[in-house]
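Data first, discussion second: the structure below is written as structure tokens.
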Amino acid sequence: MEIAKQHWSAERYAETAHFVPALGAPVLELLAPRPGERILDLGCGDGVLTQKIAAAGASVVAVDAGPDMIAAARAGGIDARVMDGQRLAFVSEFDAVFSNAALHWMRDQEAVLAGVHRALKPGGRFVAEMGGHNNTAAVIVALSAVLARRGLDAHRLNPWYFPSADAYRAKLQAAGFAIEEIAIVPRPTTLPTGIEPWLDTFAEDFFHPLPKADRFQARGEVAELLRPVLRDETGTWIADYVRLRFRATRAG
Ligand code: BEZ
């Protein structure tokens with residue numbers, strides 16, 4: 001399996017992607033954490049949302065594959081551990097597993113869902129939000145065009161998995177979950193630092209095969225293609241985010 005080249009810097013994330021946890025209120029509301037519950041935050045990033053779950057009185061364990069993100073989460077007082085979401089090592093321990101903006105980075109969804117199922121107590125809930133079908137479609141088309149000019153196929157480099165509600169419902173059911181709700185939610189998202197820092201933070205995998213000397217130029221070409229589509233008349237960049245949000249429970 002192709003391993004993502006993406007690396008996560010907590011400092012860069014806080015600078016260009018602080019909107020990710022800031023826009024997590026709806027999925028947190030769907031989780032509705034209760035005092036005393038034991039909750040796993042899968043793909044916790046720098047732990048900003050994890051702290052909100054803990055503030056509700058739950059006992060939280062947070063995992064993320066990025067050591068720098070885990071260091072930042074720990075600095076915020078979270079029990080945070082470096083762990084690949086495709087190899088979760090918990091057994092019948094949690095009342096709920098929560099995830100925001102992380103599942104779409106995980107290629108082996110069957111392994112993720114088997115690990116979440118195993119980590120939950122019977123009847124435990126899995127509440128998550130991830131990129132859904134058509135998420136950042138304009139960005140993907142622009143990346144494809146710029147890489148095609150260089151003889152590269154962006155779809156082979158794409159690290160993201162953005163399923164439709166029907167596709168993910170089927171995966172959840174096959175993994176032993178009962179679905180309470182699942183929906184695609186378009187969410188145009190303001191990029192506070194514009195498109196180029198966003199590409200640096202989220203789209204490394206697409207630029208990695210290019211010679212270093214060409215990456216800056218290629219990134220500029222992607223921005224040029226996107227400018228008339230994603231930048232509004234006030235100069236604000238608004239990306240075409242689409243979320244997939246669901247609440248399911250471990251059946252059996
Ligand atoms: C996200 O983390 O929400 C995201 C990642 C890659 C592309 C688009 C969105």
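Values below: every heavy atom of this structure, side chains too, minus hydrogens, waters and symmetry copies. In listed order, ligands and their atoms are each counted from 1.
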Show the atoms of ligand 1 that are less than 4.0 angstrom away from any heavy atom in Phe202. 2 (O), 5 (C)
So the atoms of ligand 1 within less than 4.0 Å of a heavy atom of Thr136 turn out to be 8 (C)
For residues 113-121, tabulate all N or O donor-acceptor pairs below 3.5 Å that involve a side-chain atom, not counting sequence neighbours.
unit_1, atom_1, unit_2, atom_2, d
His117, NE2, Gly176, O, 3.3
Arg118, NH2, Leu88, O, 3.4
Lys121, NZ, Asp95, OD1, 3.1

Is Glu221 salt-bridged to Arg149, cutoff N-O under 4.0 Å? yes
Is any NZ, NE, NH1 or NH2 atom of the basic residue among Glu224 and Arg219 found under 4.0 Å from an Asp or Glu carboxylate oxygen of the other? no
If we only consider heavy atoms of Tyr161, is any one of them less than 4.0 Å away from an atom in ligand 1? no
Nitrogen or oxygen atoms of Arg243 and ligand 1 under 3.5 Å apart: yes
Do any nitrogen or oxygen atoms of His104 lie less than 3.5 angstrom from nitrogen or oxygen atoms of ligand 1? yes
Decide, yes or no, whether a salt bridge links Arg247 with Glu181 under the criterion of side-chain N to carboxylate O below 4.0 Å. no
I'd like to check which ligand 1 atoms, numbered from 1 as shown, lie under 4.0 Å from a non-hydrogen atom of Tyr241. 3 (O), 9 (C)
At under 4.0 Å between heavy atoms, is it the side chain or the backbone of Asn135 that contacts ligand 1, or both, or neither? side chain
Can you tell which part of Phe162 has a heavy atom less than 4.0 Å from ligand 1: side chain, backbone, both or neither? side chain
Can you tell me how the ring of Phe246 sits relative to the ring of Phe126, calling it parallel under 30°, perpendicular over 60° and tilted otherwise? perpendicular
Is it the case that Asp232 and Thr234 place a side-chain donor and acceptor less than 3.5 Å from each other? yes
